Structures are given as C-alpha cells and as structure tokens.
Amino acid sequence: MNWFVELISQGSVPQTILLLTLISIAGLYLGRIKVFGIQLGGSFVFFAAIAAGHFASRFGVDVNRAMMDFAKNFGLVVFVYTLGLQCGPGFFSSLRKGGLKLTLSAVGSIILASAMAVGASYAFHMPVPETVGLLSGAVTNTPSLIAAQQTVLDLDPSALDTANSVGAAYAVAYPFSILSVILCVVIMKSMFPRSVAASSGKEGDKYTAVTEVMVSNSEIFGRQVHDIVSSSEFHFVISRVWRNGAVEIPVSDTVIRDGDRLLLICDKEDIHKLGVLFGHEQEKDWNRPDIDWNVIDSNLVSRHLRVTKDEVVGESLNKLKLRNKYGVNITRINRAGITLVPNADTVLQFGDRLTVVGDEGRIKAMGKFVGNEEARLDEPRLIPLLAGIFLGVLLGSVPFFIPGMSTPVKLGIAGGPIIMGILMGAFGPRLHITTYTTRAANLMLRQMGITFFFASLGYSVGENFVETVFCMQGLKWAGISVLLAAVPLLIMGIVNEKLLHMDFAGNVGTLCGAAANPNALAYANSILDNDNPAAAYATVYPLTIFLRVFIAQALIVLL
C-alpha cells in the first residue's frame with residue numbers, strides 16, 4: 001500500500017484530481033441534506049473544501065499548487081462563459097425590458113456596501129487597505145482584490161506587508177460572505193413567499209401575455225396587419241381574428257374591420273396600451289392554464305418548431321416572410337428560456353423554439369423550411385465554445401486606463417468571459433457562428449466549472465482558516481464582512497420588492513450579480529427550479545465587476 005500513501009501525500013497531478021473529485025462528491029452529497037428546511041446544494045462543496053484543506057494542512061498533506069490554481073481559474077472561466085452564453089440570446093431584450101431597474105438596484109447595493117466599508121474603517125480604526133480587502137472578500141470579487149493589492153504596491157513598492165494584509169482580510173471575509181449572501185436569499189424567500197411562488201417552476205412566458213381586444217377605433221378600420229404592427233411603438237402579434245363566427249390566421253395584408261375580435265400576443269406591460277390602440281379590451285383572462293384552445297379554433301393547431309437549418313439562421317422574419325408563404329402565424333419565440341414577442345426585425349437563431357398557429361399541413365411545410373430536426377440540437381460545437389473562451393480571457397486581460405487612476409482596470413478572468421459569452425450568444429448567429437448548446441449540456445458545463453472552482457478555492461482558504469479566523473483580529477474581520485455582505489443586499493432586496501416591484505427571480509439574481517456571488521446564484525436557481533435569476537445576474541454582473549475594481553482602487557488612492 002506504499003504506492004497509495006505516496007499518491008495521497010505527495011503533490012502530484014493524479015493526487016490533485018483525486019482530491020478535487022473526492023471533495024466535490026462529498027460536498028454535492030452533503031449539500032442535499034436539509035437543515036431547518038435549507039438545502040445548500042452545490043454551494044456546500046466550498047465548505048467541504050474548507051474542511052478538507054484544514055485537516056490536510058494538519059496532517060502535512062502536500063498538494064500541487066499549480067494544478068489547484070488551474071482548476072480554480074479554469075472552472076471559474078467555464079462557469080461564467082457558459083452562463084453568459086446561455087443568457088446571451090435573450091440578454092438585450094431583457095435589458096430593454098428591465099435593465100435600467102436592475103442596474104440601479106445593483107449600483108445601489110454597491111454604493112451602500114462601499115459607504116459601510118468607509119464607515120467601518122473609521123469606526124474600528126482599521127487601515128483603508130484592510131477594509132478594502134474585507135469589502136472585496138464580502139463581495140467575493142477577486143479582480144478588486146488584485147487591483148487593490150497592485151494599487152498599494154504602486155503607491156509604495158516596499159509596502160509588501162500592507163498588500164499581504166489586504167489578501168488576509170479578503171481570505172477571512174470570503175467564506176463568511178458566501179454564507180451570508182445565501183442566508184440573505186433564504187431570508188428574502190421567507191419574507192416574500194408570493195413573489196417566490198410567482199417566480200418558481202418552469203421557465204417560459206415571464207414577460208409575455210395573451211389578450212383579446214374588440215376593434216372599435218375608427219383609425220384602425222380598413223388598415224392592413226403589417227401597417228398596424230409596423231407603425232406601433234411597441235411589439236405585438238395578431239394571432240387570430242374572429243370574424244362572422246369564424247377564426248382565421250391573419251397574414252400581412254389582412255384588413256382589420258370594425259367589430260373584429262383579435263387575439264394578441266404582447267409584452268405584459270403593453271396589454272392596456274393595446275386596448276387603447278384597438279378601442280376596447282375584453283375582460284376574459286386568456287392566460288389561465290385551463291383555457292381549451294381547441295374549442296376556440298378546432299380547424300387550427302398550435303405547434304412548436306425548432307430552427308435548425310443553417311440557411312434561415314441569422315435571417316430576419318421580414319426577409320423570410322414565413323407568414324405570407326405558409327399562412328402560419330409565429331406567436332412566440334423561446335430563446336434560452338426567455339420568451340420573446342416576434343416582430344419583422346427579429347433575427348432567427350439556431351435552436352429557437354417557434355410557437356406557431358395554423359393549419360396542420362402548412363405547419364409541417366414550414367417545419368421543413370426552418371429545419372425542425374431535434375437531432376441537430378444535440379451535436380456538440382466545441383470550436384465556437386473554445387474560441388469564445390479564448391476571446392473572453394483575452395478581453396479580461398485588456399487594461400483600461402482611467403484618468404486619475406494610477407493603475408489600469410481589467411475585467412479579469414471572470415468579467416471578460418461572461419461579457420464575451422453574452423456577445424457570442426446574442427450576435428454569433430448574425431455572423432453565422434452557431435453557439436447553441438442544449439440546456440442540459442450548458443448546465444453540465446456550468447456545474448462542472450463552478451464545482452471545481454468551489455473545491456479548489458475552498459481548499460486553499462481552509463489551510464489557514466482556523467488560525468486566521470479564531471483570533472481577535474480574525475473575528476472582528478469576520479463580523480464586519482458579514483455586515484458588508486448582508487446588510488446592503490437585504491436593504492436593496494426590500495427596496496426591489498416594495499418600491500421597484502421586481503419578482504423574486506429578478507431580485508435575487510440582481511443581488512447575487514451585485515455581490516458577484518455564483519454560489520448564491522446556484523442556490524437561488526435550485527430553490528426556484530429554473531434559471532430565471534441567471535438572466536438578471538448576467539445583466540448586472542459585467543458592470544458590477546468594473547465598479548468594484550474601480551472603487552477598490554479609488555478608496556486606497558483617495559483615503
């Protein structure tokens with residue numbers, strides 16, 4: 001058994017792989033256990049790794065540091081890039097719908113945390129660099145830590161002890177902040193049960209709705225569908241027209257008459273505007289799950305078609321003219337879990353799920369045109385995936401020089417890849433780059449990446465965790481970091497719910513993004529049983545990374 005003892009005790013590549021996989025298995029298994037109704041899931045890997053690192057250091061187990069660093073950094077890159085890739089296709093549409101609200105919330109929590117850090121520095125007589133280290137750890141933001149340490153050394157190259165104190169404060173704050181943010185999500189879950197219920201379950205029509213109007217506005221009489229839709233300032237689809245007791249699918253040149261009843265697909269916020277546009281909004285709720293559409297139009301069917309043919313990818317609906325060619329209406333487009341209301345300028349992307357209404361035979365003909373080959377969705381496309389990661393790391397390494405700052409700001413290996421993932425997911429199809437991955441494949445990559453990130457980071461933190469924390473200085477740092485992590489998020493969480501009227505998914509996703517905390521995001525996704533928080537997370541994450549780095553440097557330079 002000497003070979004086994006040597007394998008476990010010596011810092012080799014096989015030993016590191018065995019150690020990380022064992023920690024991950026233990027953490028994932030223990031994360032299933034509920035304590036007071038709370039289940040941490042994959043986030044528990046981080047805490048299992050801290051325990052493993054602590055006991056390994058006690059027994060003198062050596063590890064391969066280079067392998068640990070690679071697993072940590074590459075795991076983080078894979079996680080944030082695939083997260084951006086998943087959110088990218090619907091990112092800009094969701095940004096238009098609620099991006100300003102999400103951004104203001106994230107910036108608000110950053111300003112609160114920064115102000116509290118400055119106050120703590122004066123109240124507890126702590127050096128500003130230490131406080132910035134606690135602030136960086138409280139928001140689990142490694143780029144801001146690196147920027148803070150570099151700024152300290154740029155101001156005084158001999159201040160190695162000060163730079164190390166920034167890192168020590170960060171190391172103490174990091175694990176406590178992860179737990180604090182998860183507890184914030186738990187607290188808000190208990191505070192806003194109705195919002196949680198509305199955000200839970202299957203993803204889909206989060207922003208879209210179905211409504212019925214009776215045409216009584218004389219300005220609409222005699223106008224064609226394409227003229228009405230194109231001249232409107234908001235997007236909607238006329239799905240069906242009731243006329244003389246019959247139901248028909250309108251095409252572009254269908255003329256709308258007085259008394260027509262129209263079934264419309266639109267953004268929820270535009271329902272009443274459509275009532276004003278057409279003259280009279282009907283009171284029937286068409287969004288109830290018990291609506292029997294077959295009773296409404298027995299001659300028409302609704303089907304889902306998948307866009308899998310290269311010839312139509314990257315083309316707009318206006319250019320393809322599918323409704324006029326096939327007499328079939330596209331009422332919704334589901335893209336990466338986000339439902340969009342199509343318009344003439346909507347560009348089809350590989351993997352889009354089209355909800356279409358029309359005659360069965362015409363739908364089949366249209367299905368052949370757009371592809372509708374489910375098997376093609378399962379083909380792995382590694383070249384665009386790896387190329388995107390390459391470009392993301394490259395982008396994260398570009399220095400941005402800001403007037404008045406002594407050192408350049410970088411997005412880092414977290415900020416660069418998530419931005420590139422969003423851009424590739426959103427604009428890749430326009431350049432005929434197929435970035436589509438199935439939800440299962442994307443989730444597998446994300447989970448693998450974040451699990452190895454948790455395992456390697458937790459192990460390195462755990463080696464000196466007990467000695468660093470369980471002393472007066474460490475306990476003070478731990479307490480301050482909990483306040484910096486939790487208080488701003490709870491305040492903004494209440495503001496988001498009560499004043500900004502965010503749903504729970506958008507609320508916690510925004511706060512997790514503001515805290516740059518993928519652990520809490522993974523927990524939020526698990527309790528809602530969907531990825532809706534990830535969209536809000538990806539919306540605010542790039543900006544928060546930049547602001548955190550800028551604020552860390554500014555505090556050290558100015559104070």
Side-chain angles (χ1 to χ4, degrees), residues 16-56 68 71-72 74-76 78-80 82-83 86 137 140 171 173-190 196 199-201 439-463 465-466 469 478 481-482 485-486 489 504-505 508-509 511-513 515-534 537:
T16 307
I17 296 174
L18 291 173
L19 188 60
L20 290 177
T21 51
L22 186 60
I23 291 172
S24 300
I25 291 169
L28 291 170
Y29 182 79
L30 294 173
R32 298 176 180 177
I33 300 173
K34 288 186 177 181
V35 179
F36 301 109
I38 301 173
Q39 189 179 39
L40 294 182
S43 301
F44 199 86
V45 172
F46 181 75
F47 301 102
I50 290 178
H54 168 71
F55 287 110
M68 278 288 185
K72 177 181 68 177
F74 190 70
L76 180 61
V78 169
F79 173 78
V80 296
T82 50
L83 176 64
Q86 181 71 19
T140 61
Y174 196 103
F176 287 101
S177 67
I178 287 177
L179 188 58
S180 298
V181 177
I182 292 174
L183 287 176
C184 285
V185 176
V186 173
I187 292 171
M188 286 190 290
K189 178 186 175 184
S190 63
V196 174
S199 299
S200 298
R439 298 292 297 278
N442 186 284
L443 185 59
M444 173 67 78
L445 286 171
R446 268 192 283 162
Q447 290 293 90
M448 283 290 291
I450 197 66
T451 297
F452 277 99
F453 172 71
F454 288 162
S456 51
L457 179 65
Y459 187 90
S460 60
V461 169
E463 290 177 329
F465 183 74
V466 174
V469 172
S481 67
V482 169
L489 297 190
F504 185 76
V508 296
L511 297 180
C512 291
N517 197 317
N519 315 56
L521 174 66
Y523 174 69
N525 286 340
S526 68
I527 64 175
L528 293 178
D529 196 26
N530 59 49
D531 278 346
N532 287 338
Y537 181 96

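All values derive from a computational prediction rather than experimental measurement.
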Checklist entry - How close do G27 and A48 get, heavy atom to heavy atom, and via which atoms? => result CA-CB, 3.9 Å
Checklist entry - Of the non-hydrogen atoms in T451 and S24, which two are nearest, and what is the gap between them? => result CG2-OG, 3.3 Å
Next on the checklist: Is any side-chain heavy atom of R446 closer than 4.5 Å to one of L443?
Outcome noted: yes
Checklist entry - Can you list the residues that meet the side-chain contact (heavy atoms from CB on, under 4.5 Å) rule with L30, with sequence neighbours excluded? => result I33, F44
Checklist entry - Do the non-hydrogen side-chain atoms of L19 and M68 ever get within less than 4.5 Å of each other? => result yes
Next on the checklist: For a quick test of reading the model, state the closest non-hydrogen atom pair linking S190 to I187 and the distance between them.
Outcome noted: OG-O, 2.7 Å
Item to check | Over all atoms of both residues, closest heavy-atom pair of G449 and F79 | outcome: C-CB, 4.4 Å
Checklist entry - Can you tell me how far the CD atom of Q447 sits from the CG atom of N442, to the nearest 0.5 Å? => result 10.0 Å
Item to check | Residue among Y459, F453, F452 satisfying side-chain contact (heavy atoms from CB on, under 4.5 Å) with K72 | outcome: F453
Checklist entry - Can you check whether G137's main-chain N or O pairs, donor with acceptor, with S177's side chain at less than 3.5 Å? => result yes
Checklist outcome for this item: Of all heavy-atom pairs linking V45 and I23, the shortest is O-CG2, 4.1 Å
Next on the checklist: Tell me the closest heavy-atom pair linking T21 and L18, and the distance in Å.
Outcome noted: OG1-O, 2.9 Å
